[in-house]
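To start, the structure under review is shown below, and the notes come after it.
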Amino acid sequence: MSTEQRAGWLYADMEIVEKEDALLSPEERMAEAVEPLLFWFQKNARILPWREEPTPYHVWISEIMLQQTRVEAVKDYYRRFLEALPDIQALAQVPEERLLKLWEGLGYYNRARNLKKAAEETVNRYGGELPASYEELVSLPGIGSYTAGAIASIAFGIPVPAVDGNVLRVTARLMADTDDILKQSVKRRTEALLQKIMPRDEAGAFNQALMEIGALVCVPNGAPHCSRCPLEGLCLACRYGKTDVIPVKTPKKARTIEERTIFAVARGSEVLLRKRPEKGLLAGLYELPGASGYLTEQEALDFLGLEEKDAVVLEKLPEARHIFSHVEWRMQGYYISLRDEAQTKAGFFAERETAREAYALPGAFRAYAAYLFDRKS
DNA sequence: AAATCGGGGTG
DNA sequence: CACCCAGATTT
(Lines give C-alpha, C1' and ligand atoms only; values in the text may rest on other atoms or scores of the structure.)
Protein backbone atom coordinates (compact mmCIF):
# COMPACT_ATOMS: atom_id res chain seq x y z
CA MET A 1 0.00 0.00 0.00
CA SER A 2 1.35 3.39 -1.00
CA THR A 3 1.78 6.39 1.22
CA GLU A 4 -0.89 8.21 -0.77
CA GLN A 5 -3.44 5.45 -0.22
CA ARG A 6 -2.65 5.32 3.45
CA ALA A 7 -2.93 9.06 3.76
CA GLY A 8 -6.15 8.99 1.81
CA TRP A 9 -7.66 6.43 4.10
CA LEU A 10 -6.44 8.31 7.10
CA TYR A 11 -7.92 11.61 5.95
CA ALA A 12 -11.15 9.86 4.99
CA ASP A 13 -11.61 8.50 8.47
CA MET A 14 -9.64 10.53 10.96
CA GLU A 15 -11.64 9.18 13.87
CA ILE A 16 -10.40 5.65 13.56
CA VAL A 17 -6.82 5.94 14.69
CA GLU A 18 -6.55 2.17 14.92
CA LYS A 19 -6.94 1.90 11.18
CA GLU A 20 -3.91 4.06 10.57
CA ASP A 21 -1.87 1.92 12.89
CA ALA A 22 -3.14 -1.25 11.27
CA LEU A 23 -1.66 -0.06 7.99
CA LEU A 24 1.90 -0.20 9.19
CA SER A 25 3.95 -2.75 7.29
CA PRO A 26 5.72 -5.36 9.43
CA GLU A 27 8.97 -3.52 8.86
CA GLU A 28 7.47 -0.20 9.88
CA ARG A 29 5.87 -1.75 12.95
CA MET A 30 9.14 -3.38 13.99
CA ALA A 31 10.98 -0.12 13.42
CA GLU A 32 8.51 1.65 15.69
CA ALA A 33 9.33 -0.86 18.41
CA VAL A 34 13.08 -0.19 18.51
CA GLU A 35 13.21 2.91 20.71
CA PRO A 36 10.57 1.72 23.22
CA LEU A 37 12.41 -1.60 23.57
CA LEU A 38 15.80 0.03 24.11
CA PHE A 39 14.37 2.44 26.66
CA TRP A 40 12.53 -0.34 28.47
CA PHE A 41 15.62 -2.54 28.51
CA GLN A 42 17.73 0.20 30.08
CA LYS A 43 15.43 0.17 33.07
CA ASN A 44 14.43 -3.49 33.25
CA ALA A 45 17.46 -5.55 32.27
CA ARG A 46 18.04 -8.28 34.83
CA ILE A 47 21.37 -8.53 36.56
CA LEU A 48 22.80 -11.79 35.23
CA PRO A 49 26.27 -13.31 35.74
CA TRP A 50 27.15 -13.17 32.03
CA ARG A 51 26.22 -9.49 31.87
CA GLU A 52 28.84 -8.48 34.40
CA GLU A 53 31.75 -8.72 32.01
CA PRO A 54 30.41 -9.60 28.54
CA THR A 55 33.62 -10.75 26.88
CA PRO A 56 33.26 -12.92 23.79
CA TYR A 57 34.17 -16.00 25.82
CA HIS A 58 31.67 -15.22 28.57
CA VAL A 59 28.87 -14.47 26.11
CA TRP A 60 29.68 -17.61 24.17
CA ILE A 61 29.59 -19.93 27.18
CA SER A 62 26.38 -18.39 28.47
CA GLU A 63 24.64 -18.56 25.09
CA ILE A 64 25.50 -22.22 24.62
CA MET A 65 24.28 -23.05 28.11
CA LEU A 66 21.10 -21.05 27.55
CA GLN A 67 20.10 -23.03 24.47
CA GLN A 68 16.72 -24.56 25.35
CA THR A 69 17.59 -24.01 28.98
CA ARG A 70 16.16 -21.56 31.48
CA VAL A 71 18.17 -18.73 32.96
CA GLU A 72 17.76 -19.97 36.53
CA ALA A 73 19.05 -23.41 35.60
CA VAL A 74 22.13 -21.93 33.94
CA LYS A 75 23.40 -19.51 36.60
CA ASP A 76 25.21 -21.96 38.86
CA TYR A 77 26.57 -24.03 35.99
CA TYR A 78 27.91 -20.86 34.37
CA ARG A 79 29.76 -19.74 37.50
CA ARG A 80 31.22 -23.18 38.15
CA PHE A 81 32.24 -23.61 34.53
CA LEU A 82 34.11 -20.31 34.34
CA GLU A 83 35.85 -20.97 37.62
CA ALA A 84 37.11 -24.29 36.27
CA LEU A 85 37.78 -23.09 32.71
CA PRO A 86 38.41 -19.34 32.81
CA ASP A 87 39.51 -18.93 29.21
CA ILE A 88 39.43 -20.49 25.76
CA GLN A 89 42.83 -22.09 26.19
CA ALA A 90 41.69 -23.92 29.31
CA LEU A 91 38.56 -25.10 27.50
CA ALA A 92 40.54 -26.29 24.50
CA GLN A 93 42.72 -28.44 26.75
CA VAL A 94 40.23 -29.82 29.26
CA PRO A 95 39.81 -33.61 29.26
CA GLU A 96 36.39 -34.60 27.97
CA GLU A 97 35.56 -36.51 31.15
CA ARG A 98 36.03 -33.40 33.26
CA LEU A 99 34.11 -31.30 30.78
CA LEU A 100 31.12 -33.64 30.89
CA LYS A 101 31.28 -33.71 34.67
CA LEU A 102 31.00 -29.91 34.65
CA TRP A 103 28.00 -30.25 32.33
CA GLU A 104 26.38 -33.08 34.31
CA GLY A 105 22.67 -32.46 34.75
CA LEU A 106 22.44 -29.60 32.25
CA GLY A 107 21.45 -31.83 29.34
CA TYR A 108 22.12 -31.71 25.59
CA TYR A 109 25.66 -32.92 26.19
CA ASN A 110 26.78 -32.38 22.60
CA ARG A 111 26.78 -28.72 23.52
CA ALA A 112 29.76 -29.38 25.77
CA ARG A 113 31.63 -31.48 23.21
CA ASN A 114 31.05 -28.85 20.52
CA LEU A 115 32.24 -26.17 22.90
CA LYS A 116 35.57 -27.92 23.25
CA LYS A 117 35.82 -28.56 19.50
CA ALA A 118 35.14 -24.90 18.78
CA ALA A 119 37.71 -23.85 21.38
CA GLU A 120 40.31 -26.05 19.69
CA GLU A 121 39.47 -24.53 16.31
CA THR A 122 39.65 -21.06 17.81
CA VAL A 123 43.13 -21.73 19.13
CA ASN A 124 44.31 -23.32 15.89
CA ARG A 125 42.71 -20.99 13.38
CA TYR A 126 42.11 -17.70 15.15
CA GLY A 127 45.01 -17.46 17.59
CA GLY A 128 42.84 -18.23 20.61
CA GLU A 129 40.34 -15.40 20.23
CA LEU A 130 36.80 -15.81 18.94
CA PRO A 131 36.47 -14.24 15.47
CA ALA A 132 34.60 -10.93 15.31
CA SER A 133 32.39 -11.87 12.40
CA TYR A 134 29.00 -13.56 12.12
CA GLU A 135 30.11 -15.79 9.24
CA GLU A 136 33.15 -17.15 11.05
CA LEU A 137 31.24 -17.61 14.29
CA VAL A 138 28.41 -19.53 12.63
CA SER A 139 30.93 -21.91 11.08
CA LEU A 140 32.17 -23.07 14.50
CA PRO A 141 30.72 -26.28 15.99
CA GLY A 142 27.62 -25.72 18.11
CA ILE A 143 27.16 -22.13 16.96
CA GLY A 144 24.08 -21.70 14.78
CA SER A 145 22.36 -18.59 13.50
CA TYR A 146 20.95 -17.55 16.88
CA THR A 147 24.15 -18.01 18.87
CA ALA A 148 26.33 -16.41 16.20
CA GLY A 149 24.02 -13.41 16.19
CA ALA A 150 24.04 -13.20 19.98
CA ILE A 151 27.84 -13.32 20.27
CA ALA A 152 28.37 -11.00 17.32
CA SER A 153 25.95 -8.37 18.60
CA ILE A 154 26.44 -8.58 22.37
CA ALA A 155 30.18 -9.14 22.53
CA PHE A 156 31.34 -7.42 19.33
CA GLY A 157 28.62 -4.88 18.65
CA ILE A 158 28.01 -6.22 15.15
CA PRO A 159 24.52 -5.24 13.89
CA VAL A 160 23.01 -8.68 13.23
CA PRO A 161 19.82 -10.19 14.70
CA ALA A 162 19.67 -13.03 17.25
CA VAL A 163 16.37 -14.82 16.78
CA ASP A 164 15.43 -17.33 19.46
CA GLY A 165 12.10 -18.58 20.79
CA ASN A 166 11.51 -15.38 22.72
CA VAL A 167 12.04 -13.19 19.68
CA LEU A 168 9.80 -15.35 17.51
CA ARG A 169 7.03 -15.20 20.09
CA VAL A 170 7.31 -11.42 20.54
CA THR A 171 7.46 -10.61 16.84
CA ALA A 172 4.62 -13.02 15.98
CA ARG A 173 2.42 -11.31 18.55
CA LEU A 174 3.51 -7.84 17.53
CA MET A 175 2.37 -8.55 13.93
CA ALA A 176 -0.47 -10.91 14.91
CA ASP A 177 1.22 -13.37 12.59
CA THR A 178 -0.50 -16.77 12.58
CA ASP A 179 2.27 -18.61 10.74
CA ASP A 180 3.84 -21.51 12.61
CA ILE A 181 6.90 -20.06 14.35
CA LEU A 182 8.59 -23.47 14.35
CA LYS A 183 8.96 -23.32 10.57
CA GLN A 184 12.46 -22.34 9.56
CA SER A 185 11.03 -20.08 6.85
CA VAL A 186 9.44 -17.97 9.59
CA LYS A 187 12.73 -17.76 11.43
CA ARG A 188 14.57 -16.69 8.28
CA ARG A 189 11.92 -14.11 7.46
CA THR A 190 12.12 -12.74 11.02
CA GLU A 191 15.90 -12.51 10.81
CA ALA A 192 15.64 -10.64 7.51
CA LEU A 193 13.06 -8.26 8.95
CA LEU A 194 15.11 -7.52 12.05
CA GLN A 195 18.26 -7.06 10.01
CA LYS A 196 16.58 -4.16 8.20
CA ILE A 197 15.61 -2.24 11.30
CA MET A 198 18.58 -3.19 13.51
CA PRO A 199 19.93 -0.11 15.32
CA ARG A 200 23.53 0.03 14.11
CA ASP A 201 25.06 1.13 17.38
CA GLU A 202 22.94 -0.82 19.84
CA ALA A 203 22.47 -4.22 18.28
CA GLY A 204 23.43 -6.07 21.45
CA ALA A 205 21.06 -4.12 23.63
CA PHE A 206 18.28 -4.39 21.07
CA ASN A 207 18.58 -8.15 20.69
CA GLN A 208 18.68 -8.60 24.44
CA ALA A 209 15.74 -6.24 24.85
CA LEU A 210 13.60 -8.39 22.55
CA MET A 211 14.57 -11.52 24.45
CA GLU A 212 14.10 -9.85 27.82
CA ILE A 213 10.60 -8.73 26.87
CA GLY A 214 9.89 -12.31 25.89
CA ALA A 215 11.22 -13.65 29.17
CA LEU A 216 9.62 -11.13 31.53
CA VAL A 217 6.54 -9.64 29.83
CA CYS A 218 5.53 -11.46 26.66
CA VAL A 219 5.91 -14.77 28.50
CA PRO A 220 5.63 -18.24 26.99
CA ASN A 221 3.47 -19.82 29.70
CA GLY A 222 0.18 -18.24 30.61
CA ALA A 223 -1.08 -14.84 29.66
CA PRO A 224 1.42 -12.11 28.75
CA HIS A 225 1.63 -8.99 30.90
CA CYS A 226 0.53 -6.58 28.21
CA SER A 227 -0.26 -3.76 30.63
CA ARG A 228 3.43 -3.64 31.52
CA CYS A 229 4.63 -3.90 27.93
CA PRO A 230 6.25 -0.95 26.19
CA LEU A 231 4.83 -2.28 22.91
CA GLU A 232 1.25 -2.50 24.16
CA GLY A 233 -0.02 0.20 21.82
CA LEU A 234 1.82 -1.25 18.85
CA CYS A 235 1.08 -4.95 19.33
CA LEU A 236 -1.64 -6.38 17.08
CA ALA A 237 -2.15 -9.61 19.03
CA CYS A 238 -2.74 -7.53 22.14
CA ARG A 239 -5.15 -5.21 20.34
CA TYR A 240 -7.13 -8.09 18.82
CA GLY A 241 -7.09 -10.17 21.98
CA LYS A 242 -5.21 -12.97 20.25
CA THR A 243 -2.30 -13.42 22.60
CA ASP A 244 -3.82 -16.72 23.68
CA VAL A 245 -3.63 -18.18 20.16
CA ILE A 246 -0.43 -16.48 18.95
CA PRO A 247 2.24 -17.68 18.53
CA VAL A 248 1.07 -20.71 16.56
CA LYS A 249 3.20 -23.81 17.05
CA THR A 250 2.60 -27.25 15.59
CA PRO A 251 2.27 -29.93 18.26
CA LYS A 252 5.22 -32.22 18.72
CA LYS A 253 5.17 -35.92 18.15
CA ALA A 254 4.28 -38.00 21.18
CA ARG A 255 7.08 -39.60 23.17
CA THR A 256 7.86 -43.26 22.72
CA ILE A 257 7.98 -45.38 25.84
CA GLU A 258 10.88 -47.75 26.52
CA GLU A 259 10.91 -50.38 29.24
CA ARG A 260 14.28 -51.00 30.82
CA THR A 261 15.85 -52.86 33.70
CA ILE A 262 18.55 -51.03 35.66
CA PHE A 263 21.15 -52.66 37.89
CA ALA A 264 22.43 -50.96 41.03
CA VAL A 265 25.35 -53.22 41.76
CA ALA A 266 27.68 -52.86 44.75
CA ARG A 267 30.74 -54.92 45.64
CA GLY A 268 32.12 -53.87 48.98
CA SER A 269 33.09 -50.21 48.65
CA GLU A 270 32.78 -50.35 44.86
CA VAL A 271 29.89 -49.70 42.50
CA LEU A 272 29.32 -50.96 38.98
CA LEU A 273 29.29 -48.37 36.16
CA ARG A 274 29.25 -48.52 32.40
CA LYS A 275 30.24 -45.98 29.75
CA ARG A 276 27.52 -45.19 27.24
CA PRO A 277 28.16 -45.25 23.47
CA GLU A 278 29.75 -42.19 21.88
CA LYS A 279 26.66 -41.54 19.79
CA GLY A 280 22.99 -41.21 20.61
CA LEU A 281 21.19 -40.47 23.85
CA LEU A 282 23.47 -39.38 26.70
CA ALA A 283 26.46 -40.10 24.48
CA GLY A 284 29.74 -40.67 26.27
CA LEU A 285 28.29 -40.32 29.73
CA TYR A 286 28.23 -43.02 32.39
CA GLU A 287 25.32 -45.09 33.57
CA LEU A 288 24.23 -47.88 35.81
CA PRO A 289 24.24 -50.95 33.59
CA GLY A 290 20.86 -51.78 32.15
CA ALA A 291 19.01 -53.89 29.62
CA SER A 292 15.94 -53.32 27.51
CA GLY A 293 12.71 -54.85 28.77
CA TYR A 294 11.74 -55.98 32.25
CA LEU A 295 13.98 -58.80 33.42
CA THR A 296 13.21 -61.43 36.04
CA GLU A 297 15.72 -62.04 38.83
CA GLN A 298 17.16 -65.01 36.94
CA GLU A 299 17.37 -63.05 33.69
CA ALA A 300 19.09 -60.25 35.59
CA LEU A 301 21.73 -62.62 36.93
CA ASP A 302 22.20 -64.07 33.46
CA PHE A 303 22.56 -60.63 31.94
CA LEU A 304 25.28 -59.75 34.43
CA GLY A 305 26.96 -63.12 33.95
CA LEU A 306 26.55 -63.99 37.62
CA GLU A 307 25.71 -67.13 39.48
CA GLU A 308 23.37 -67.22 42.42
CA LYS A 309 26.19 -67.62 44.87
CA ASP A 310 27.76 -64.30 43.71
CA ALA A 311 24.83 -62.22 44.88
CA VAL A 312 24.73 -61.70 48.61
CA VAL A 313 21.68 -59.53 48.19
CA LEU A 314 19.30 -59.40 45.24
CA GLU A 315 16.46 -57.03 45.84
CA LYS A 316 13.80 -55.84 43.44
CA LEU A 317 13.44 -52.05 43.59
CA PRO A 318 10.39 -49.86 42.97
CA GLU A 319 9.64 -48.85 39.41
CA ALA A 320 11.07 -45.48 38.35
CA ARG A 321 10.58 -43.39 35.25
CA HIS A 322 12.51 -40.69 33.52
CA ILE A 323 11.22 -38.40 30.80
CA PHE A 324 13.46 -37.13 28.03
CA SER A 325 12.16 -34.83 25.32
CA HIS A 326 11.27 -37.63 22.90
CA VAL A 327 11.63 -40.83 24.94
CA GLU A 328 10.33 -42.01 28.28
CA TRP A 329 12.11 -44.72 30.23
CA ARG A 330 10.05 -46.93 32.51
CA MET A 331 12.55 -48.69 34.64
CA GLN A 332 12.56 -51.77 36.81
CA GLY A 333 15.53 -51.79 39.19
CA TYR A 334 17.50 -54.41 41.03
CA TYR A 335 19.81 -53.76 43.93
CA ILE A 336 22.53 -56.37 43.94
CA SER A 337 25.30 -56.71 46.49
CA LEU A 338 28.07 -58.99 45.31
CA ARG A 339 30.57 -61.08 47.21
CA ASP A 340 34.13 -59.73 46.95
CA GLU A 341 35.30 -62.26 44.37
CA ALA A 342 32.39 -61.83 41.98
CA GLN A 343 33.11 -60.63 38.42
CA THR A 344 30.90 -59.25 35.66
CA LYS A 345 31.41 -57.97 32.13
CA ALA A 346 28.40 -55.69 32.32
CA GLY A 347 30.58 -52.73 33.30
CA PHE A 348 33.55 -51.71 35.46
CA PHE A 349 33.88 -51.25 39.19
CA ALA A 350 34.79 -47.88 40.65
CA GLU A 351 35.24 -46.80 44.24
CA ARG A 352 32.01 -45.20 45.43
CA GLU A 353 33.63 -41.78 46.01
CA THR A 354 35.54 -41.86 42.72
CA ALA A 355 32.35 -42.72 40.91
CA ARG A 356 30.59 -39.81 42.52
CA GLU A 357 33.30 -37.25 41.81
CA ALA A 358 34.77 -38.22 38.45
CA TYR A 359 32.04 -39.80 36.33
CA ALA A 360 29.15 -37.89 34.81
CA LEU A 361 26.01 -39.84 35.71
CA PRO A 362 22.80 -38.40 34.24
CA GLY A 363 19.74 -37.75 36.36
CA ALA A 364 17.85 -40.57 34.65
CA PHE A 365 19.65 -42.96 37.00
CA ARG A 366 19.17 -40.92 40.16
CA ALA A 367 16.47 -43.06 41.70
CA TYR A 368 18.60 -46.20 41.56
CA ALA A 369 21.97 -44.52 42.07
CA ALA A 370 20.63 -43.42 45.44
CA TYR A 371 20.74 -47.05 46.56
CA LEU A 372 24.47 -47.06 45.86
CA PHE A 373 25.51 -43.59 46.96
CA ASP A 374 23.09 -42.43 49.62
CA ARG A 375 22.78 -45.60 51.58
CA LYS A 376 25.19 -47.52 53.79
CA SER A 377 25.76 -51.08 52.80
C1' DA B 1 11.11 -30.92 6.83
C1' DA B 2 11.45 -34.04 10.50
C1' DA B 3 13.95 -36.36 14.08
C1' DT B 4 17.32 -36.25 17.64
C1' DC B 5 19.24 -34.55 21.80
C1' DG B 6 17.98 -33.31 28.63
C1' DG B 7 16.26 -31.64 32.20
C1' DG B 8 13.39 -28.85 34.90
C1' DG B 9 9.82 -25.17 35.69
C1' DT B 10 5.02 -23.96 35.10
C1' DG B 11 -0.12 -23.63 34.54
C1' DC C 1 -0.21 -33.87 32.87
C1' DA C 2 1.28 -31.07 28.65
C1' DC C 3 3.90 -27.44 27.28
C1' DC C 4 8.03 -24.80 26.91
C1' DC C 5 12.70 -23.08 27.36
C1' DA C 6 18.56 -17.28 25.20
C1' DG C 7 18.77 -24.18 19.51
C1' DA C 8 22.04 -27.01 16.73
C1' DT C 9 22.86 -30.90 14.07
C1' DT C 10 21.81 -34.97 11.61
C1' DT C 11 18.87 -37.59 8.71
Side-chain angles (χ1 to χ4, degrees), chain A residues 45-46 48-51 54 58-78 100 103-115 117-118 137-155 161-170 180-188 191 204 206-216 218-224 244 247-256 276-285 287 321-329 360-366:
Chain A
R46 287 170 292 181
L48 298 171
W50 42 92
R51 286 180 176 165
H58 290 173
V59 174
W60 177 35
I61 300 303
S62 69
E63 292 300 343
I64 298 297
M65 287 186 170
L66 286 162
Q67 288 170 5
Q68 296 291 284
T69 310
R70 296 171 189 272
V71 165
E72 285 309 314
V74 167
K75 285 181 178 174
D76 287 341
Y77 281 93
Y78 174 81
L100 290 174
W103 210 268
E104 180 184 37
L106 200 51
Y108 287 152
Y109 297 93
N110 274 333
R111 292 186 292 178
R113 305 166 188 288
N114 285 334
L115 216 38
K117 282 186 205 164
L137 287 168
V138 83
S139 74
L140 288 168
I143 299 183
S145 64
Y146 162 73
T147 305
I151 299 172
S153 63
I154 299 171
V163 175
D164 70 340
N166 286 313
V167 175
L168 286 169
R169 182 174 59 258
V170 171
D180 181 355
I181 64 169
L182 293 183
K183 291 169 65 177
Q184 53 188 34
S185 60
V186 172
K187 180 173 177 177
R188 281 195 301 266
E191 287 170 337
F206 177 65
N207 286 335
Q208 292 183 84
L210 268 176
M211 292 188 273
E212 200 84 341
I213 280 285
L216 301 180
C218 197
V219 293
N221 299 317
D244 55 336
V248 173
K249 302 179 83 165
T250 53
K252 298 169 209 165
K253 195 185 73 168
R255 272 187 291 272
T256 59
R276 292 183 58 81
E278 294 298 333
K279 285 190 176 292
L281 190 65
L282 304 172
L285 279 73
E287 65 177 349
R321 46 181 74 184
H322 186 83
I323 298 172
F324 301 95
S325 39
H326 60 297
V327 185
E328 175 176 339
W329 281 357
L361 187 70
F365 303 97
R366 187 173 307 150

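Within every chain, numbering begins at 1; the chains are lettered A, B, ... in the order of the sequence lines, protein sequences first and strands thereafter.
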task: Taking atom P in both B:dA3 and C:dC3, compute the distance separating them and give it to the nearest angstrom.
output: 16 Å

- prompt: When we call it a touch if two heavy atoms are under 4.0 Å apart, what does A:K253 touch: a base, just sugar-phosphate, or nothing?
  reply: sugar-phosphate

message: Looking only at the aromatic ring of each residue, does the gap between the centers of A:H322 and A:F324 stay below 6.0 angstrom?
response: yes

message: Please report the interatomic distance CG(A:L115) to CH2(A:W103), rounded to the nearest 0.5 Å.
response: 5.5 Å

message: Work out how far the P atom of B:dG8 is from that of C:dA8, and round it to whole angstrom.
response: 22 Å

message: Under 4.0 Å from a heavy atom of chain A: give me the 5'-most and 3'-most nucleotides of DNA chain B that qualify.
response: B:dA1 to B:dG9

- prompt: Is a side-chain donor-acceptor pair under 3.5 Å present for A:E63 with A:Y146?
  reply: yes

- prompt: What does nucleotides 6-11 of chain C look like as a protein-contact string, B for base, S for sugar-phosphate only, - for none, at under 4.0 angstrom between heavy atoms?
  reply: BBSS--

query: Using the P atom in both, what is the distance from C:dA6 to B:dT4, to the nearest Å?
result: 24 Å

Residue whose closest nucleotide on DNA chain B lies nearer the 5' end, A:G107 versus A:E72: A:G107

- prompt: What residues, two or more places apart in sequence or in another chain, satisfy ring pair (Phe, Tyr, Trp, His ring centres under 6.0 Å) together with A:Y77?
  reply: none

- prompt: Of A:L285 and A:K183, whose nearest nucleotide on DNA chain B comes first from the 5' end?
  reply: A:K183

- prompt: Between A:R169 and A:N166, do the side chains contain an N or O donor and an N or O acceptor separated by less than 3.5 Å?
  reply: yes

